[in-house]
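Structure, as structure tokens:
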Amino acid sequence: MISAPLLEVAVLLLGFAILLCESFAERIDKRTLAVAGIIGLGAVLLASFFLSPTPAPMPGPSLWSFYTADPLAVFFKRFALVTTILVLIMMIDYAPVVREFVHGTTKQSGLGEFFALPIFTCAGLMWMASAIDFIMIFVSLELVTMSFYVLVSFTRRNPATLEAGVKYLILSALSTGFLVYGITWIFGVTGETNLARVAIALANPAIERVPALFGMVLILVALGFKIAAVPFQLWVPDVYQGAPTPVTAFLSVGSKAAGFVVLLRVLQPFFMLPQMHRLLVGIALLTVLYGNLAALPQTNLKRLLAYSSIGHAGYLLIGVVSLSGVAVTFYLVGYLLMTLLSFAILIVVANQAGDEIRDFDGLGERAPFLAFGMLLAMASLAGVPFTAGFFGKFLIFDAALRHHETALVVAGVVTVACGFYYYFKVVRAMYWESSKALTPISLNPMSRIAITAMMIGIVALGVYP
Amino acid sequence: MITLGHYLLVSGILFTIGFAGVMLRRNIIIIFMSLELMLNAANLSLVAFSRFRIQANGLPDYNAQVFVFFIITVAAAEVAVGLAIIVALYRARQTTHVEDISSLKF
Amino acid sequence: MNSALPWYILFLPLFSAGTILIVTRRFAVVSSFISVGAVLLSFIFSCALFVSPLTHSLQLSWIDIKPVLYVPFGFVLDDLCKTMLLLVTGVGLLIHIYSLGYMRDDAGKARYFASLSLFMFAMLGIVLANNFVMMFIFWELVGLSSYLLIGHWYERDSAADAANKAFLTNRIGDFGFMLGILMVWVATGSVVFHDIAQGVEKITSHPGYLTAAALLIFCGAVGKSAQFPLHVWLPDAMEGPTPVSALIHAATMVAAGVYMLVRVGFVVQASPHALTVIAWIGTITAVMAALIATQQDDIKRILAYSTLSQLGYMIMAVGLASSEAAMFHLFTHAFFKALLFLGAGSIIIMLHHEQNIWKMGGLAGRLGITFLTFVVGALALIGCPPFSGFFSKDAILSLAYERSGMIFALALFTALLTAFYMTRLVVVVFFGKPRTDHARAGKEAPTVMIAPLIVLAIPAALSGFAFFSRRFLALPVGKESGMLVSLLAVAVTLIGVAAGIALYRNRDSEPLHLGALRRRLFFDELYAWLIGATQELLAKIAAFFDRWIIDAGVVGGVSGATWGAGALLRLLQLGNLQAYSFLFGIGIIGVIYFTVFR
Amino acid sequence: MSPFLFWIFALVVVVFGAAVVINRNPIASALSLVLSFMGLAALFMSLDAFFIGIIQVLVYAGAVMVLFLFIIMLLDLRTEQRRKINLVAFAGGLAVALALLIQINFVIGHLAAAKRPFPLLPALRTDDVRNIGALLFANYNLPFQIIGVLVLVATIGVIVLSKRELR
Amino acid sequence: MLAFLVFCPLIGAILILAGAPARRTALLAAAMMLFASVLLYLRFDSGGRGFQYVTTLPVNAEWGLNFTLGVDGLSLIMLVLTAIVTLAAVWFSGKIEQRENAFYACLLAISGGALGAFASIDLFFFYAFHELALIPTFLLIGIWGSENRRAAAWKITIYLATGSFILLLGLILLYRSVPDATRSFDFRALQAASLDGAIPVAAQHQIYLILLIGFGILISLFPFHTWAPEAYAAAPAPAAMLHAGVLKKFGLYGLLRIAIPLLPEGARYWSNLLVVLLLGNIIYVGLVTIAQKRLDWMLGYSSVMHMGYIFLGIATANLLGTNGAAILMFAHGLSIALLFALAGEVRRRTGTLVIAELGGLAKVMPFAGVAFGFGAFAAIGLPGFANFAAEVMVLFGAFRNGADFQKFHLFQIATVLALWGVVISAVYMLRAYRGVFMGSLNAKWAQLTDVRPSVRLPVALLLATLLWFGFFPQSFVRLLTPSFQQYLSANQR
């Protein structure tokens, strides 16, 4: 049996090891590092199934007042691990682009860091997953953010990337500022930073509501930034479009999921307050509408996926509002699969053509396998039955109806129709149009395995949840 | 007589100034400074709170001060990375002005 | 075996139709003989059935949702039915044989005989049906087969249009018919004639409802037997081959309406108001058709209009509550009108499809037998004693005489007109000198066509006499007023004949021109305008509305609006960092406001 | 703590903070940032948080400032030449900032404790460096480790991002 | 057996995508479907109430979600319909120029979706299977369609997607409306619950309306009908056959299967609205149909119009009407498929379907002429075809609702108008027939040849079925009556 914190330690060690190899073994092909990372993370993932249960929180400060290994946490640790593995696989496909935009002494310089950083990020995500103390949340969240600063603007010869990097930097720092200020206020009111104790303190009627709410709202702002909820979504389209594609995928899945798990934890003490509920409903409504509507006119697939990820954040928020942890979790898993799948295919295709939708013209003939995978991903994102996406939506709507969130449900239905529109634009490009270039698109075995796995996963979750 | 409120107000003003700077200035470096201001404003409140809440053992609540310590560290690291990015940007585009980096839009 | 007879009678023609359609479409001659054989067999069986005392036959259930609706597939086998069977199969047989000659070298011979068999099937079905729904089924099928036969030469636009016209007009009639059936069913809970007759007081107890139902059922008859105002299709139906005109549009199908009214007499007769309406419709039709007939030049159209007016007589009789008289006239009319049409047919084919009577003339010599038989038919039609028409028409007249003076007068007038136009026809066609080369070259038709004429001439002459017809149907009891009426009838007939001869002897062209009558009282124009003004207009409006308001307007509008909203929203993404932080700020104060301050 | 000193330092903090934003010359802003932080440090000390105050001075005046100035020099940013100020944006920004300030003020108003003066510390004064250190390495061990990782990542990042490369 | 039937087409599709010889595999699969369905039909115990051949595979116990297959009379005839039409469509679509295997795979996928929806007695899969057929439709129309395939495919996809998600809401609400104890996706359980009056009346009103809108969009209920003609005009003939013939019936099936039995109160409450709308279908759309200038649009609209009669049958909510509706679904499916097939054939030869440009084609394509004639007469409800029997039942059923001797009520008026609709349908059908096949032959088409032999068999198949059930409707009524008695048992309270 393994104690939960060891998982992060293991991941860290893996990261260090890769860094060392990167810096001292100049000769080796850097891709082997990625493979090593994948294997290592796989091992950790395996290990995560043999965890010793969380010891009862003993009185007095200890590790366990910051850190929990409850099922939710463990689940999201695995989530983070899987995400990172897949992202690494994508990064291997993406390596040529990196090489093009990072000139260095050796022809592979920079790749090592490129592969190492996600692993540290993964550690950060895992810590976020089990953070139950505001300080812990702050620290791990900053770790994640920090590494994303670097990753987003990694291919720094590419102006677009740098622009994305700067935007992400400033806005994210801004949100950090609000996070800190919010935590300050919570602390000021309750004198606590541990969530459980904060909850106890808030339960006490003597506490002042207004400052507490104020602090909470500021924290929500920061988290809303992470999960790309309207009105804090503004960075998303630009950054997603500009960032290196695997990083985009990582952002849209990893940091969003972590944001949600933190959100679920943080909101626990505050749900009893009607204002909070009202606020969340409003935000969910705006998010789901904004994301899906603004996606309609997009022509760049990365940007389209950015908007759609806003939309999905909206659906997830609906789930959060309806207090349905199951729905949110399931939806996130489905979201992971379909988003990463589409990004993986996007990378492969973009290497040959580009990331505009019209670059997918005639993919049906050029690369039937990829096209079918994309079809599946799009169908799932749109919510066609027998895909994970459908079940996710089903559960979300179910939960929402159970709580009589009529407005949300109506918005949901309307936007689902929009979703069909813009996701099927891709399908149309792939199957209706005929492409200029008819060169078949090569696909390295590892990615093929990964893509197949994700396709199977989508269908499996859709048929047998 | 100086109350907790005074400190909070000062920190609030500082926070606002920082935020205003982020919104108003176009030079990314200065925007970055403003962000620092915001973080430190938070620190001020934190310290004030920690001083205000005397523990049973008659000491200020050091948890807050530890948090301040973390914030300062993070801020410093952020500055380092941020400035690196800005430098890279300047190398690529010879500018630190936000208007000049609005190619990604809509 | 015996109890299955009706089934054989009914399904033999269907069988032949099917066989021709599926198997022997390629081989015209075989097909024709199959068809003739089928009708011959069912004629024989009909005779057998006629003499057999059989009154019940096995019965299937077509739709059976007891207790709600039970539609059997069964037969009524009373005398009326048996007679009609005999009539239909008999005349049908003759006309089949005649067709062998008439359609000898027609491209679509096989198709023709298939349709003919189909028609026989349908007609027999009407005769045999023991419930409303089944009757309606065959009613529609008759419509279908007449559609096929009228449109036999579908390349001809006129034929195609005529076919459509016939079918649609009948559909309008059937609309009423079905409605009537529904009303009767709802009232009595059954569609089987027998049961309805049992529980008829259920419906007779509500006079208004009854009248409505009766009239609606009558609509069916109006459509099928081409009564005013739905008569317009019959003259156009003459586009079909002549034997068809003889069989369907003279002898049998158009009589189906009358038969149906008689069959459901227990409902119709129960409503005096309905009866008056029916009587008057019949009268109007009779007069109007006779008037129009006087001015037509196409030999078949003349006969068609005379058919209309004779049908008018029958409906009149029904309206005067004497189904016997109606059936009697139907019976005789079948023979002589078929005879007349077939005669006309042989003339037409001998003159290479010349139908305009003014292009004929002086045929008496060349087409001897045709002439003789035709004259017999004509005499029967104008009701000159002792030919069959005299008796049956006399019966109706005397009825009218008792019931209503006005109707009687009109009926007499019609009789006069009938005499007039038939005389005109005979005189112009057979006497005087030939007016075209065809007419000069005309010679007698082949035996296969002549034989039916002769055979038909006999009943056309004799079927009036009680000793003959009593065997077949219940005759109307002779009235004591009979003598006077008969004298009047004969008188007007003579006047008509005289006028006809006086006017048309040795004429080469129409002496008097009555535009209105030539143009058939403008019915077609009127209806064309009516349809154009209502249905077509509505259709166009509706189409426009659908295309532009609902589809482009509402549906397109909604989707367009959504898209537009998206296009607007994405403009929020100015791409400018300051703008973002600004919006971020607005978002924050908004959020704080809504949460903390409200 | 005397109100007088508090007012002085508060004024310093706020004024120079504002100067950071207002100054057109980056160097000037940077220097005023330092001064503002100095004031902040003083305020910390006035709250008996000497360790934090010292850290503040060291880290900001020592490290961060130098970094800023160094970069400014490196990129030698002149006073930003007068571009046309978008008045609408400017006014809007100010409005938003003011709104935020008002809201914060309101919230402070709702904090009952805010009215109350600070409780006196008992006479016995142990140095807070030790206290904080103890807390840091006992309770906050895990976050501290994470911070370490964070700094590592930052280092890697800076190296990666500004490694001079040869074409 | 049933499972085999349902998965037969899907497996076929997968095989084809895997590279099996497209046409032969598809034909084989379709033939096996037909065989299986006929076998089911023959071995079906008409006396037995409830579902037969039930097979269950638990999926998620927590939500009471099982993958349950089973048939009663209603679903049985729908299965038969699907099998027949699929076979006809596959057979009809001969050589496809581009991406043949994809084409056949899509066809099979559609029919697989339909079969699944009809065969599953689990609310969830009932919905899911239908939704599954959406993508193949999108592809079929989009890739192999005619002129404005793009617009049409978009419209139908978005429209139907919206509709089906509205429907999903309704279904979830339904699922929620039952008390937790009996909560289940299983029809049987739900029916039992509703019999105990477990579904509150207010909820019924609300849910029924949502379901009506959702299904209505799928069935092109006026005024949600405008997608249909456009899509069918643009779609390749086989797709039109399958969609108009089979898939569209899903909504009606749903109304019969869910709305009527589970929400009797709702049905009663909204019946007036429904009647008004369906009159829109019959009269308004009928008039629109008259004004059409192209054969394919005419057919599309006519299929929309005939939905009105089925709705009428459903609206009556009595044994007669529902029976009629069910059989009319079957009959209409066959006849419209037949007509679309022949229209497609004409298009393939002449390249146009503008009625004015055609004419007299019966001379050069006699078989097509005869077959189309049959189809047309079937469609306008001429006796001898199943359509007539069904319409008779529907009309009788409708006229009976609340009839009395004094005045006509809503249903009587509706019946009168519906009867008039029969006239209207005769008008447009005959006009089109006369315009295309009768009249003088346009010289342009003089050298046309008659239809391919490969078309004759499917046509014959469809016609034979139509005629058989026209002469012996009882052979369906026998099967349907028990299940409908069960559905309506809730109404009898």
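What's counted below: heavy atoms across the whole structure, side chains too, no hydrogens, waters or symmetry copies. Numbers restart at 1 for each chain; the letters A, B, ... are given by sequence-line order, proteins then strands.
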Going by heavy atoms in the side chains, are B:Asn27 and D:Pro26 under 4.5 Å from each other? yes
Contacting region of B:Phe67 [heavy-atom separation from chain D under 4.5 Å]: neither
Engaged part of D:Ser36 at the chain B interface, taking heavy atoms whose separation is under 4.5 Å: side chain
Donor-acceptor under 3.5 Å (D:Arg116 side chain, B:Leu4 main chain): no
For the atom pair CG (B:Asp61) and CG (D:Asn131), what is the distance rounded to the nearest 0.5 Å? 11.5 Å
For chain B, find which of D:Thr155, D:Val64, D:Ile147 contributes the most heavy-atom pairs closer than 4.5 angstrom. D:Ile147
So, taking the atom named CG in B:Leu8 and the one named CG in D:Leu111, what distance separates them when rounded to the nearest 0.5 Å? 6.5 Å
Taking the six-membered ring for Trp and the single ring otherwise, decide whether the centroids of B:Tyr7 and D:Phe6 are under 6.0 Å apart. yes
Between B:Val10, B:Ile13, B:Val47, who has the most heavy-atom pairs with chain D when the cutoff is under 4.5 Å? B:Val47
Per-residue contact mode, B:Phe52 against chain D (heavy atom under 4.5 angstrom): both
Heavy-atom proximity to chain B below 4.5 Å, by part of D:Ile22: backbone
What residue in B:Asn40, B:Ile31, B:Ile85, B:Ile29 has the most heavy-atom pairs under 4.5 Å with chain D? B:Asn40
Chain B shares the most heavy-atom pairs under 4.5 Å, among D:Val158, D:Val107, D:Ile72, with D:Val158
Whether over 12 other heavy atoms sit under 6.0 Å from D:Phe106 CZ: yes
Chain B heavy atoms under 4.5 Å from D:Ala18: which part of the residue, side chain, backbone, both or neither? both
D:Ala30 versus chain B, the contacting section by heavy-atom distance below 4.5 Å: both
Quick check on B:Gln94 against chain D: is it the side chain, the backbone, both or neither that has a heavy atom closer than 4.5 Å? neither
In short, D:Val21 meets B:Ser34 closest at the heavy-atom pair CG2-OG, 4.4 Å
Please determine whether side chain to side chain contact (heavy atoms under 4.5 Å, CB included) holds for the pair B:Val66 and D:Phe144, giving the CA-CA distance in whole Å, both sets of side-chain angles, and the decisive distance to 0.1 Å. CA-CA 10 Å; B:Val66 172; D:Phe144 189 67; over 6 Å; no
Using a 4.5 angstrom heavy-atom cutoff, name the option from D:Ile55, D:Val151, D:Leu135 with the most pairs to chain B. D:Leu135
With chain D, which of B:Phe15, B:Phe32, B:Phe69, B:Phe19 has the greatest number of heavy-atom pairs at distances under 4.5 Å? B:Phe69
Smallest separation among heavy atoms of D:Lys115 and B:Thr3, with atom names: O-CG2, 3.1 Å
Please tell me if the side chains of B:Tyr62 and D:Ile52 come closer than 4.5 Å, counting only heavy atoms from C-beta onward. no
Can you name the nearest heavy-atom pair linking D:Ala49 to B:Gln65, along with the distance? CB-NE2, 3.6 Å
Value for CE (B:Met23) from CZ (D:Phe90), rounded to nearest 0.5 Å, stands at 10.5 Å
Given a strict heavy-atom distance threshold of 4.5 Å, which part of B:Leu44 is in contact with chain D: side chain, backbone, both, or neither? both
Please flag which part of D:Leu101 lies under 4.5 Å from any non-hydrogen atom of chain B: side chain, backbone, both or neither. both
Value for CZ (D:Phe118) from CD1 (B:Ile2), rounded to nearest 0.5 Å, stands at 9.0 Å
Heavy-atom proximity to chain B below 4.5 Å, by part of D:Leu67: both
Given D:Tyr60 and B:Ile72, is the side chain to side chain contact (heavy atoms under 4.5 Å, CB included) satisfied, shown in steps? CA-CA 9 Å; D:Tyr60 279 99; B:Ile72 292 177; 4.1 Å; yes
Contacting region of D:Ile108 [heavy-atom separation from chain B under 4.5 Å]: side chain
By a 4.5 Å heavy-atom criterion (distance strictly below it), what part of D:Val59 contacts chain B: side chain, backbone, both, or neither? side chain
Of B:Thr96, B:Asn63, B:Leu14, the largest count of non-hydrogen pairs under 4.5 angstrom with chain D goes to B:Asn63
CG of D:Leu47 to OG of B:Ser50: how many Å apart, nearest 0.5 Å? 7.0 Å
To the nearest 0.5 Å, what is the distance between CG (D:Leu161) and CZ (B:Arg91)? 10.0 Å
Should B:Leu46 and D:Phe44 be marked as a side chain to side chain contact (heavy atoms under 4.5 Å, CB included) after you check the CA-CA gap, both sets of side-chain angles, and the distance that decides it? CA-CA 10 Å; B:Leu46 267 174; D:Phe44 288 162; over 6 Å; no
In short, D:Ser29 meets B:Ile30 closest at the heavy-atom pair OG-CD1, 3.7 Å
Is there a side-chain contact between D:Leu40 and B:Asn43 in this structure, where contact means two heavy atoms from C-beta onward sitting under 4.5 Å apart? no
Could you check which of D:Pro119, D:Gly157, D:Ala89 has the highest count of heavy-atom pairs closer than 4.5 Å to chain B? D:Pro119
